[in-house]
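First up is the structure itself, then whatever we jot down about it.
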Amino acid sequence: MRQKGRLLIVDDNADLLAGLKLFLAPHVESVSVLKNPNLIPETIRKESFDVVLLDMNFTAGINSGNEGLFWMKRILEHQPLISVILITAFGDVELAVRAMKEGATDFIQKSWDEDKILSTVLSAVAIAQSKKEIQDLRQKQKHLNEGNSRQFVFCEPVSDLMKSVTRMVQKVAPTDASVLILGENGTGKEVVAREIHRLSSRKDEIFISVNITAIPDTLFESELFGHVKGAFTDAKEARAGRFELANHGTLFLDEIGNLSLPMQSKLLSVLQEKTITRLGSTTPVSVDFRLICATNMPLEKMVGEGTFRQDLLFRLNTIVIEVPPLRQRPEDIPALAEFYVKMYASKYSKKIKDIDEKSMDALTRYNWPGNVRELQHAMEKAVILCDDDLLSFNEMGSRKAAEPEGFNLEDHEMNLIKKAIEKNKGNISATAASLGINRSTLYEKLRKYDIR
């Protein structure tokens with residue numbers, strides 16, 4: 001079966017060119033040949049190649065290999081993803097090793113070992129295509145990061161409380177220190193985490209966000225550490241975990257207070273050893289990521305209760321940033337509201353220019369128990385319902401914490417849960433206890449009613 005791969009062979013020996021082309025053509029997509037290396041720049045500009053097989057010497061009587069190294073560097077300057085295989089004379093292994101140190105993928109000798117030539121070429125094709133796939137993935141990730149950045153914008157604060165948070169973010173971002181972000185549900189902890197990443201030296205690498213509560217206990221270790229094929233019943237193929245995916249980037253663990261004690265121990269081991277081992281494997285993999293965690297739970301109190309490891313807490317809270325609830329910083333509401341109106345007006349193709357004064361006043365006076373997330377959802381709904389260029393009070397509703405009308409049990413249950421969350425300042429354990437249900441039942445209801 002013919003594989004993918006476009007080859008360019010450069011050698012001044014016409015017989016060698018013909019022989020290599022005839023031998024390799026059935027195994028790859030295409031084979032082009034050049035006798036004159038001076039045509040290399042023009043050729044690689046016009047056509048795309050995966051592999052270049054390049055002779056090391058072109059001038060009669062010169063066997064230094066410098067010509068091959070020169071043209072290899074020119075190729076890699078123009079097309080860094082190309083795999084270069086150097087064609088060496090018998091006994092020039094030392095020269096070939098030097099070339100590989102300077103960027104060559106591999107070398108073959110002119111002794112004409114067909115098996116060696118074919119395996120070397122096919123491996124080089126695979127390497128080149130892997131490089132291209134990685135580049136494509138990085139470009140896609142950059143695009144995704146840019147898209148996410150629009151969803152998680154760190155708005156310029158007005159309140160002194162948020163200005164203090166901003167200053168802390170700017171100080172800690174250039175470092176690699178672990179950060180623990182505290183705050184009620186919906187206050188924007190992930191926004192703060194993404195801003196730290198955006199301002200860090202890892203900004204061009206991946207940002208992986210993991211909501212601890214969204215991963216079932218049975219899948220947790222596989223999701224974080226990854227697994228090899230056959231590690232368990234449903235492991236039909238190997239898969240990298242979140243720790244591995246976050247390599248060189250930033251890993252954000254939300255709701256870290258809900259991490260079980262066994263998994264706390266495993267996380268601590270990763271942070272200490274800087275390695276992970278996939279499920280079903282015995283081979284450790286080095287990882288290097290910046291860790292940011294967030295929670296609305298009292299971790300220090302949990303340490304005293306024995307439900308959170310103190311040594312892990314010391315690892316997580318090198319820097320602590322507390323995000324205040326929206327009700328404590330009403331000065332920030334107008335800017336946030338205007339930002340979300342602009343974002344959703346663009347999303348839903350609405351020509352909304354502003355929010356009327358009466359409505360903005362109502363937004364500022366409302367308590368916002370669901371914090372910034374509730375404000376965001378309110379603005380989205382208002383934009384969808386608005387038919388004018390000015391957003392008015394009618395679309396947004398009264399924004400009062402009133403009881404729902406009618407006798408719909410789900411409406412009353414949702415309202416009761418929101419009130420309990422507000423009363424318990426976002427503490428999930430305390431909220432569940434006050435409602436007379438366990439935490440897992442509360443999480444199910446939060447997902448059901450989209451309360452975040």
Side-chain angles (χ1 to χ4, degrees), residues 159 161-162 165 180-193 210-215 217 252-261 264 293-310 312-313 316-317 320-330 332-333 336 363-378 398-404 408-452:
S159 68
L161 286 173
M162 281 306 293
V165 170
L180 178 62
I181 305 173
L182 305 177
E184 296 178 9
N185 284 335
T187 50
K189 296 187 289 294
E190 183 168 348
V191 174
V192 173
V210 181
N211 188 327
I212 301 294
T213 61
I215 303 176
D217 292 344
F252 175 59
L253 298 181
D254 200 5
E255 306 288 0
I256 189 68
N258 291 286
L259 195 63
S260 67
L261 282 170
Q264 289 177 34
C293 298
T295 185
N296 60 2
M297 300 174 70
L299 295 187
E300 291 187 359
K301 181 180 178 183
M302 292 172 65
V303 168
E305 296 170 348
T307 55
F308 202 87
R309 295 181 61 121
Q310 187 174 50
L312 177 58
L313 180 57
L316 303 183
N317 69 351
V320 177
I321 298 177
E322 188 156 0
V323 185
L326 195 52
R327 62 181 174 275
Q328 292 180 6
R329 50 187 182 99
D332 294 323
I333 291 174
L336 287 166
L363 292 174
T364 306
R365 286 188 287 107
Y366 179 58
N367 200 38
W368 299 108
N371 292 299
V372 179
R373 189 177 289 119
E374 184 184 359
L375 173 63
Q376 179 180 353
H377 290 169
S398 64
R399 305 317 310 167
K400 292 178 181 177
E403 294 291 339
N408 186 297
L409 287 175
E410 289 192 348
D411 288 344
H412 285 271
E413 183 178 58
M414 179 172 65
N415 191 61
L416 183 62
I417 291 172
K418 286 182 177 179
K419 283 188 172 183
I421 290 173
E422 180 183 1
K423 181 179 179 181
N424 291 285
K425 298 181 179 179
N427 186 310
I428 295 297
S429 296
T431 299
S434 67
L435 291 168
I437 58 178
N438 58 41
R439 251 182 4 187
S440 60
T441 301
L442 177 56
Y443 281 124
E444 289 177 7
K445 294 184 181 296
L446 293 176
R447 284 192 287 270
K448 176 181 177 181
Y449 298 122
D450 195 25
I451 301 172
R452 301 179 185 177

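Side chains included, hydrogens not; waters and symmetry mates left out as well; all remaining heavy atoms used.
Interatomic distance, CG of Asn371 versus CD of Gln376, reported as 12.5 Å (0.5 Å rounding). Interatomic distance, CZ of Arg329 versus CG of Leu336, reported as 6.5 Å (0.5 Å rounding). Once rounded to the nearest 0.5 Å, the distance linking CG of Leu259 with OG1 of Thr295 reads 10.5 Å. With values rounded to the nearest 0.5 angstrom, Leu326 atom CG is found 11.0 Å from Leu161 atom CG. Atom CD of Gln264 and atom CG of Asn258 lie 10.0 Å apart (nearest 0.5 Å). A distance of 12.5 Å separates CH2 of Trp368 from CD of Glu422, quoted to the nearest 0.5 Å.
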Leu180 and Ile321: side-chain contact (heavy atoms from CB on, under 4.5 Å), yes or no, with the steps?
CA-CA 6 Å; Leu180 178 62; Ile321 298 177; over 6 Å; no

Derivation of the side-chain contact (heavy atoms from CB on, under 4.5 Å) call for Leu299 and Ile256
CA-CA 9 Å; Leu299 295 187; Ile256 189 68; 4.3 Å; yes

Residues Thr213, Leu446; criterion side-chain contact (heavy atoms from CB on, under 4.5 Å); working and verdict
CA-CA 11 Å; Thr213 61; Leu446 293 176; over 6 Å; no

Using the side-chain contact (heavy atoms from CB on, under 4.5 Å) rule, take Leu313 and Phe308 through it: C-alpha gap first, then chi angles, then the decisive distance, then the call.
CA-CA 8 Å; Leu313 180 57; Phe308 202 87; 4.1 Å; yes

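For the pair Ile417 and Leu435, the minimum side-chain heavy-atom distance is below 4.5 Å. With contacts defined as side-chain heavy-atom distances shorter than 4.5 Å, the pair Pro330/Leu363 does not qualify. Residues Val210 and Ile215 are in side-chain contact: their nearest non-hydrogen atoms beyond the backbone lie under 4.5 Å apart.
Formation of a donor-acceptor pair under 3.5 Å by the Asn317 side chain with backbone atoms of Val320 is not found in this model. Between the side chain of Thr307 and the backbone N or O of Met302 there is at least one donor-acceptor pair closer than 3.5 Å.
Residues passing the side chain to side chain contact (heavy atoms under 4.5 Å, CB included) test with Lys423, sequence neighbours excluded: none. Applying the side chain to side chain contact (heavy atoms under 4.5 Å, CB included) rule to Asn296 yields the partners Asn185, Glu255, Ile428; only residues at least two apart in sequence or on another chain are considered. Taking Ser434 as the reference, Asn424 meet the side-chain hydrogen bond (donor to acceptor under 3.5 Å, both in side chains) condition, with sequence neighbours excluded. Residues meeting the salt bridge (Lys or Arg N to Asp or Glu O under 4.0 Å) test with Lys418, sequence neighbours left out: none. When the side chain to side chain contact (heavy atoms under 4.5 Å, CB included) test is applied to Ser429, the partners found at least two apart in sequence or on another chain are Met297, Asn427, Arg439. Under the side chain to side chain contact (heavy atoms under 4.5 Å, CB included) criterion, Glu322 pairs with Leu182, sequence neighbours left out.
With a 6.0 Å radius and a threshold of 12 heavy atoms from other residues, nucleotides or ligands, Glu300 has its CD atom at or below the threshold.
A salt bridge does not link Lys189 to Glu184: none of the charged side-chain nitrogens sits closer than 4.0 Å to a carboxylate oxygen.
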